[in-house]
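Let me begin by presenting the structure, written as structure tokens, before commenting on it.
Numbering of ligands and ligand atoms starts at 1, following listing order.
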Amino acid sequence: MDKIIIEGGKRLSGTIPISGAKNAALTLIPCALLTDEPLTLRNLPRLADIDGFQHLMNQFGVTTAIQGSRPEDFGRVMTLEATRITGTVAPYDLVRKMRASILVLGPMLARMGEATVSLPGGCAIGNRPIDLHLKALEAFGAQIELAQGYVRAHAPDGGLPGGEFDFPVVSVGATENALMAAVLANGTCRLRNAAREPEIVDLCNLLVAMGAEIEGIGSSELTVHGVKRLHGATYRVMADRIEAGSYACAAAITGGEVYLDGARADEMEATLHALRNIGVTYDADKKGVRIAAEGPLKATNLSTAPYPGLATDMQAQLMALLTVAEGTSVLTETIFENRYMHVPELARMGADIETSGRTAIVKGVPKLHGAEVMATDLRASMSLVIAGLAAEGQTQVRRLYHLDRGYERLEEKLALVGAQVERVGDD
Ligand code: UD1
């Protein structure tokens, strides 16, 4: 297995191109199931999860063609065509590897009147149920059965009648599944307390480009008037706000200055606000965001929350930054339990962090030192890379498959701004 070796202490400076958003791409791809016409997605990141999702779509008889596969290309263009769907089952083996496969449930049900998807099973960042996905679909008139580890959803003859669902907890994935099911319903579907992450807005914008009728885009109340059919579209995936935020933390921890080319400040306000409280300055223009860390880093208190609050997907990276800030910071993780797996690894690099339930108390230390580390999820792995960039000496980050799921060409992008990073095969 590969590992990344980082020689810490290099100040980052220059421009980092920001890729298309993984989490947006993972909900835009299954939209191909909603039409028999071609769907072309531009600016798709080159990531293992995208390849996995493409494979899943092929299992359903969807043809996929990719342009921009040259190694030097950032971003790819994929055309998906679901002229004839030949299967409606997402098997355990694929869903187990990629939790986002659950996002085929809504669109497959809408198009075919039935869908069978394996239950995703355990997940490294806590128990992640799908009850809200199922309840929302039931509220729109689907019949749901659970048997042998699979969810089987059926729509009455002629399609989903429509209905209303009020989310007790904000869920990004359940909102996405419900939206993709609703667009072809016979009646009107209404969602209250829906997620309003920028990735949901991206999904809504694509659905509208395909002919869907959606009111309330960007708000927590979404009303979908079902239409008889959707058509094809060409659509550009939004920039990855979490990737951008991660590189902002990477630059800041080295006292550096980087331009995040393609990042959208309005989609990452909570992260930028947190960075400003830590003493990092930023400046946005139409094309990107410039981050500069000139003065000392200061402690701050942070709590994750659904959008527009601070993304849980930024918690680990900001924590890495706070390990070397002056003073004591208190972090609260409100979205997922068990999302502090990076803490013991950061501690091995010299960080002073104490956790109690959902709270982490980070006492800033003057320096981190390099170590061999590994993490069990994507953002936790990135937090170790960030720590390694500032640490004295060498850091080796193992289990790169997590990083490869979410960061397109991580080491290349870091090298562009002067980091000393190298990917090597493990022995
Ligand atoms: C998505 C993102 C993930 C991000 C998360 C929160 C993708 C592919 N993944 O995950 O990177 O960290 O949003 O911003 O876009 N919940 C239930 N029942 C459900 C669904 C969720 O109780 O049926 C709970 C979860 O356990 C969690 C909370 O709701 O506590 C939020 O989860 P959710 O927004 O659904 O996360 P995902 O869509 O899985």
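For Glu333 and Thr312, the side-chain atoms include at least one donor-acceptor pair closer than 3.5 Å. For the residue pair Arg379 / Tyr407, a side-chain donor-acceptor distance below 3.5 Å is found, with atom types taken as modelled. A donor-acceptor contact closer than 3.5 angstrom is absent between the side chains of Thr300 and Ser329.
Atoms of ligand 1 found under 4.0 Å from any heavy atom of Thr312, numbered from 1 in the order shown, are 6 (C), 12 (O), 14 (O). Within the listing of ligand 1, atoms 23 (O) sit less than 4.0 angstrom from a heavy atom of His133. Listed by number with element, the atoms of ligand 1 under 4.0 angstrom from any heavy atom of Gly173 are 35 (O), 38 (O). Near Ile130, meaning under 4.0 Å from any of its heavy atoms, are these atoms of ligand 1: 19 (C), 23 (O). Residue contact check: Ile335 has heavy atoms under 4.0 Å from atoms 27 (C), 30 (O), 31 (C) of ligand 1.
If you look at Val170 next to ligand 1, the close heavy atoms, those under 4.0 Å, all belong to the backbone. Residue contacts with ligand 1 for Arg99 involve side-chain atoms from C-beta outward but no N, CA, C or O (heavy atoms, distance under 4.0 Å). Here Ser171 has heavy atoms under 4.0 Å from ligand 1 in both its backbone and its side chain. With a 4.0 Å cut-off on non-hydrogen atoms, Asp131 touches ligand 1 through its backbone as well as its side chain.
For Leu26, no nitrogen or oxygen atom sits less than 3.5 Å from a nitrogen or oxygen atom of ligand 1, counting backbone and side chain alike. Inclusion of Pro129 in the set of residues having an N or O under 3.5 Å from an N or O of ligand 1 is warranted. Considering backbone and side-chain N/O of Leu132, one or more are found under 3.5 Å from N/O of ligand 1. At under 3.5 Å, a nitrogen or oxygen of Asn23, whether backbone or side chain, sits near a nitrogen or oxygen of ligand 1.
Considering Ile200, Thr27, Val172, Val169 only, the shortest heavy-atom separation from atom 13 (O) of ligand 1 involves Val172. In this comparison of Asp313, Asn177, Thr334, Thr175, the heavy atom closest to atom 12 (O) of ligand 1 sits on Asp313.
The two residues Tyr235 and Asp202 have their closest heavy-atom pair at OH-OD1, 2.6 Å. Minimum heavy-atom separation, Thr376 to His402: O-CE1, 3.3 Å. Smallest separation of non-hydrogen atoms from Leu368 and Ala351: CD2-N, 3.7 Å.
The pair Arg152-Glu114 fails the salt-bridge criterion, with no side-chain N (NZ, NE, NH1 or NH2) lying under 4.0 Å from an Asp/Glu carboxylate O. Salt-bridge formation is detected for the pair Glu243/Lys413: a Lys NZ or Arg NE/NH1/NH2 atom is positioned less than 4.0 Å from an Asp or Glu carboxylate oxygen. Under the 4.0 Å criterion applied to side-chain N and carboxylate O atoms, Glu345 and Arg348 are assigned as salt-bridge partners. Using a 4.0 Å cut-off between charged side-chain N and carboxylate O, Glu215 and Arg190 make no salt bridge.
Within the 4.0 Å heavy-atom cutoff, Arg339 counts among the residues contacting ligand 1.
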